[in-house]
S.K.: 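One structure, as structure tokens, below. Some questions next.
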Amino acid sequence: MQLDHELETAVFQAIQTAQKAGDLPSFDIPELKIERPREASHGDYASPVALGLARLARMAPLKIAQAIATHMPTLDYLGSVEVAPPGFINFRLAAPWLQQHVNTIIAEGQNYGRIHLGDGKKAQIECVSANPTGPIHIGRTRGGVMGDTLARAMRLAGYETVLEYYYNDAGRQVTMLGESTKLRYLQLLGQDITLEKDHYKGDYIIDIARELLEQHGDTLQEQSAEFFGDYAKERIAQSQKETLRRINIVFDVYYREQSLYETGKVWEALEALQEKGYVYKKDGAQWFKTTEFGDEKDRVLVKSTGEPTYRMPDIAYHWDKAQRGFDLVVDLFGPDHHATAPQVLMGVRALGYPTDFVRTILHQIITIIRDGIEVKMSTRAGTFVALDDVLDEVGADPIRYFMISRSGNSPIDFDLNLALEKSDKNPVYYIQNAHVRCAGIFRKWEEEGLDPDADATADLSLLTHENELAFIRKALELPELVELMVTTFEPHHITFYSYELAAVFHKAYETCRVLHSEVPEPLRLARLRFYRAAKQLFAHVLDLMGMSAPEVM
RNA sequence: GCGCCCUUAGCUCAGUGGAUUAGAGCGUCUGGCUACGAACCAGAAGGUCGGGAGUUCGACUCUCUCAGGGCGUACCA
């Protein structure tokens, strides 16, 4: 349940009741807003609705607030309703209800925070979509982690969600990949050949060529570059999958660009655009009239060589997305796509589909810092930082956390030293430590031979410490967080939430002991129940971020 | 030149048009372990929210403008 929405409904009812009772004049009730006050003394929820209604009702805001407060329906979770100048209504949750909520958290488990915004809707998230011409590098990882985290939140919000990777296994880059692999193969056979400017020069190509040599000896010399390309791209795609699995990203669909050619979709899309009059020929190329959709100049769809630009299959791909019946499509693009993303949507519109179901989420660059110095990255020079290397160095959890620790609009400095640091400077451990501390309580409990289910019937009304209640209140924000994430498409909020959850947890942990001799038995059981809920919630929230919940660190 | 993004505490950044005192982490300073993990907690100091104008009962938040910074601007993807 989402208390903020429940309260909106309740306030709406209160206004209606007040109007019937003549305490408020009649007017059409506008959209109501329930918010979380910053100041704890202002309650758990507050509504400024009376301020907005002042003009409509032609009454003093304070009087309106008073009338609403008087007519609020009775609700089990609502402790008090107060009116504060200049006209705010403050709601406070009932302590008994909060205490019982501990059992709700335990009962709902991995479903805690579930909202129904996406029930019955199909969503797709596309991210990473790197070319299968080399290892995944750290820059691509940001979009991948953002996309995967969003996918997890969207599933909790009820969306049937497909995480999809658009796999550019066609076109010029695969040709170059094939040529590069063949040249390396021939080099391994002792031929004196040099790679050209556009060839891929990374060592992984040599490894692939060596594989072919080991499997086939020197029998492949007459094989085409296409043969080498087919082998290399499959090989690289496999290793990309493996790399992504290491960071806990598993795609539901790898959509092959090549399939758009095999089914004829690319040319179908081109013909459809031609028929609708959006294509013209100039300088031997075929141009798309993107200026009709507000672009500053028209763009080439088919080069004078007869090959399509990347734009053409991209449009066909998004055309296909439109036809697959998704209610929501999220495209995550890095800084290199900032300019081109809109052009693809212009293509979809030109093909007669609305594009409001597509949300393009852009993110800024990521810089790697080692020992306080920026690690320069250049794809051309082959000096990009491979995700695998960072995984070897710091592991998946810190990468996942730091990749979504900032709004996508901010560039990120990824500090390798900090990611490795197991200290209070590192928020990753601060959060995971909350789970570890809970685990420690249960471990000790069982080591002492005590009944592991002893807390099942604990008297939760004994959880009266303000720090315990503060934790439960923070837990209640999870559904609101999920809603925020899936409506703004901003995954970074969860890192702040998880940190705040850990902060209120550690406060409770410091003040509310369980196994200490001075704690009376009934309270001990209630607190054990409390930490059981906390442990489960941390495991859940860490899982939403794709991170592990360690028992010990 | 044009487009997108950014400018909030010494540093890195949150902040969904609302309530005296704009938040968090790091850093700095002061305290706290014979207590389930101190990888923690308690407290202090630190701000003309880049400048200016406008809309509003009310602006860090919306609009315009100026200044500074990042990224992009292919018949590459």
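Letters A, B, ... are given to chains in the order of the sequence lines, protein chains preceding strands, and every chain is numbered from 1.
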S.K.: Taking the six-membered ring for Trp, are the ring centroids of Tyr165(A) and Phe251(A) within less than 6.0 Å of each other?
M.R.: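 Tyr165(A) vs Phe251(A): aromatic centres under 6.0 Å.
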S.K.: Considering only side-chain heavy atoms of Tyr509(A), which listed nucleotide, A39(B), C36(B), C41(B), is closest?
M.R.: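 Among the listed nucleotides, the one closest to the side chain of Tyr509(A) is C36(B).
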S.K.: Is the shortest side-chain N/O distance from Tyr430(A) to OP1 or OP2 of C41(B) below 4.0 Å?
M.R.: yes
S.K.: Do the ring centers of Phe288(A) and Tyr280(A) come within less than 6.0 Å of each other?
M.R.: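 No; Tyr280(A) has its ring centre 6.0 Å or more from that of Phe288(A).
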S.K.: Could you state the CD-C1' distance from Glu477(A) to G15(B), rounded to the nearest angstrom?
M.R.: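 Taking atom C1' of G15(B) as the reference, CD of Glu477(A) is at 14 Å.
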S.K.: Rounded to whole Å, how long is the line connecting atom CG of Asp169(A) with atom P of A77(B)?
M.R.: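 In whole Å, A77(B) P and Asp169(A) CG are 14 Å from each other.
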S.K.: Any salt bridge linking Lys233(A) with Glu226(A)? Criterion: basic side-chain nitrogen under 4.0 Å from a carboxylate oxygen.
M.R.: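 Looking at Lys233(A) and Glu226(A), the cut-off is not met.
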S.K.: Checking base pairs now: Watson-Crick or wobble, both atom distances under 3.5 Å. What partners C60(B)?
M.R.: none
S.K.: Polar atom pairs between nucleotides 18-21 of chain B and protein, under 3.5 Å, N or O only, would you list them?
M.R.:
| from | atom 1 | to | atom 2 | distance (Å) |
| --- | --- | --- | --- | --- |
| A19(B) | N6 | Asn90(A) | OD1 | 2.8 |
| A19(B) | N1 | Asn90(A) | OD1 | 3.1 |
| A19(B) | N1 | Asn90(A) | ND2 | 3.2 |

S.K.: What integer number of Å spans the P atoms of G18(B) and G58(B)?
M.R.: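 It comes out at 14 Å once rounded to the nearest Å.
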S.K.: Considering only side-chain heavy atoms of Tyr499(A), which listed nucleotide, C40(B), G25(B), A14(B), is closest?
M.R.: G25(B)
S.K.: Roughly how many Å apart are A53(B) and A45(B), using the C1' atom of each and rounding to a whole number?
M.R.: 35 Å
S.K.: For RNA chain B, whose closest nucleotide is more 5', that of Ala503(A) or that of Val302(A)?
M.R.: Ala503(A)
S.K.: As a test of reading the structure: which of A35(B), A14(B), C75(B) is closest to the side chain of Trp287(A), going by heavy atoms?
M.R.: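 It is C75(B).
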S.K.: Could you verify whether a donor N or O on one side chain and an acceptor N or O on the other, from Glu483(A) and Gln2(A), lie under 3.5 Å apart?
M.R.: yes
S.K.: Identify the nucleotide, in any strand shown, that forms a Watson-Crick or G-U wobble pair with U30(B), with both distances under 3.5 Å; if there is none, say none.
M.R.: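 Here U30(B) is engaged in a pair, and the nucleotide opposite it is A42(B).
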S.K.: Between Thr360(A) and C4(B), is there a contact of a side-chain N or O with OP1 or OP2 at under 4.0 Å?
M.R.: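 It does not, given that no N or O in the side chain of Thr360(A) lies less than 4.0 Å from OP1 or OP2 of C4(B).
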S.K.: Identify whether NZ of Lys or CZ of Arg in Lys265(A) sits under 6.0 Å from the centre of the six-membered ring of Trp319(A) and within 45° of that ring's axis.
M.R.: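 Pair Lys265(A)/Trp319(A) counts as cation-pi.
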S.K.: Distance check needed: C76(B) C1' versus Asp198(A) CG, whole Å only.
M.R.: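 Taking CG of Asp198(A) and C1' of C76(B), I get 9 Å after rounding.
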S.K.: Give none if G23(B) has no partner; otherwise give the nucleotide forming a Watson-Crick or G-U wobble pair with it, both distances under 3.5 Å.
M.R.: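 Across all strands, the one nucleotide that pairs with G23(B) is C13(B).
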S.K.: Please measure how far the P atom in U48(B) lies from the corresponding atom in A22(B), and state the result in whole Å.
M.R.: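 It works out to 12 Å between them.
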S.K.: So Tyr429(A), base contact, sugar-phosphate only, or nothing? Heavy-atom distance under 4.0 Å.
M.R.: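 Since a base atom lies under 4.0 Å of Tyr429(A), the category is base.
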S.K.: Taking only the P atom of each, what is the distance from C71(B) to C13(B) in whole angstrom?
M.R.: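 Taking atom P in both C71(B) and C13(B), they lie 14 Å apart.
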S.K.: Distance check needed: U61(B) P versus Glu490(A) CD, whole Å only.
M.R.: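 Whole-Å distance recorded here is 17 Å.
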S.K.: Which value, in whole Å, describes the distance between the P atoms of nucleotides G17(B) and A9(B)?
M.R.: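 Those two atoms are separated by 22 Å.
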S.K.: Nearest whole angstrom, please: distance from the C1' of G37(B) to the CZ of Phe505(A).
M.R.: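 Between C1' of G37(B) and CZ of Phe505(A): 10 Å.
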S.K.: Distance check needed: C36(B) P versus Glu518(A) CD, whole Å only.
M.R.: 13 Å
S.K.: Please confirm whether Tyr255(A) and Tyr167(A) have ring centers closer than 6.0 angstrom.
M.R.: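 Not close enough - the centres of the two rings lie 6.0 Å or further apart.
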S.K.: Name all pairs fulfilling the ring-ring contact (aromatic ring centres under 6.0 Å, His included) condition that reach into residues 479-501 of chain A, sequence neighbours left out, sorted by first residue then second.
M.R.: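 Residue pairs with at least one partner in residues 479-501 of chain A: Tyr430(A)-Tyr499(A).
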S.K.: Can you tell me the pairing partner of C36(B) across any strand shown, Watson-Crick or G-U wobble, with both distances under 3.5 angstrom?
M.R.: none
S.K.: Which nucleotide sits closest to the side chain of Asn433(A): C41(B), A39(B), G15(B)?
M.R.: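 Side chain of Asn433(A) sits closest to A39(B).
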S.K.: Send over the distance from Glu500(A) CD to C41(B) P, rounded to a whole Å.
M.R.: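 Atom-to-atom, Glu500(A) to C41(B), this comes out as 14 Å.
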S.K.: Give each protein N/O atom lying under 3.5 Å from an N/O atom of nucleotides 67-74 of chain B, with the pair distance.
M.R.:
none

S.K.: On RNA chain B, does the nearest nucleotide to Phe496(A) precede the nearest nucleotide to Lys282(A) from the 5' side, or the other way round? Give the residue.
M.R.: Phe496(A)
S.K.: May I ask you to verify if any side-chain N or O of Lys507(A) is less than 4.0 angstrom from the OP1 or OP2 atom of C40(B)?
M.R.: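 Negative; the distance criterion is not met.
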S.K.: For Arg370(A), give me all partners under salt bridge (charged side-chain N to carboxylate O under 4.0 Å, His left out), at least two apart in sequence or on another chain.
M.R.: Glu393(A)
S.K.: Is C6(B) in the syn range, within 90° of 0, or in the anti range?
M.R.: anti
S.K.: May I ask which nucleotide in the shown strands pairs with C71(B), Watson-Crick or G-U wobble, both distances under 3.5 Å?
M.R.: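 When the pairing criteria are applied, G3(B) turns out to be the nucleotide that pairs with C71(B).
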S.K.: Test of understanding: with side chain to side chain contact (heavy atoms under 4.5 Å, CB included), list the residues that count as partners of Asp397(A), not counting sequence neighbours.
M.R.: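 Side chain to side chain contact (heavy atoms under 4.5 Å, CB included) check on Asp397(A) returns Val428(A), Gln432(A), Met547(A), Ser548(A).
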S.K.: In whole Å, what is the span from the OH atom of Tyr401(A) to the P atom of A24(B)?
M.R.: 15 Å
S.K.: Using the P atom as the point on both nucleotides, what is the distance between G43(B) and A24(B), in whole Å?
M.R.: 11 Å
S.K.: Per the salt bridge (charged side-chain N to carboxylate O under 4.0 Å, His left out) rule, which among Lys474(A), Arg92(A), Arg473(A) passes with Asp44(A)?
M.R.: Arg473(A)
S.K.: By nearest atom, which of the nucleotides C5(B), C40(B), C36(B) is closest to the Arg513(A) side chain?
M.R.: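 Nearest nucleotide to the side chain: C36(B).
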S.K.: Is there a donor on the side chain of Ser304(A) or the base of C75(B) sitting less than 3.5 Å from an acceptor on the other?
M.R.: yes
S.K.: Can you name the residues that form a salt bridge (charged side-chain N to carboxylate O under 4.0 Å, His left out) with Glu448(A), not counting sequence neighbours?
M.R.: none
S.K.: Between C33(B) and A42(B), how far apart are the two P atoms, rounded to whole Å?
M.R.: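 Nearest-Å result for C33(B) against A42(B) at atom P: 16 Å.
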S.K.: If you measure from the P atom in U12(B) to the same atom in G31(B), how many Å do you get, rounded?
M.R.: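 Going atom to atom, P in each nucleotide, I get 30 Å.
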S.K.: Would you find a donor on one side and an acceptor on the other, under 3.5 Å apart, between the side chain of Asp169(A) and the backbone of Glu257(A)?
M.R.: yes
S.K.: Taking any heavy-atom pair under 4.0 Å as a contact, classify Asp283(A): base, sugar-phosphate, or nothing.
M.R.: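 Result for Asp283(A) = base.
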S.K.: Yes or no on side chain to side chain contact (heavy atoms under 4.5 Å, CB included) for Arg513(A) and Glu510(A), after CA distance, side-chain angles and deciding distance?
M.R.: CA-CA 7 Å; Arg513(A) 299 278 157 171; Glu510(A) 292 286 329; 4.2 Å; yes
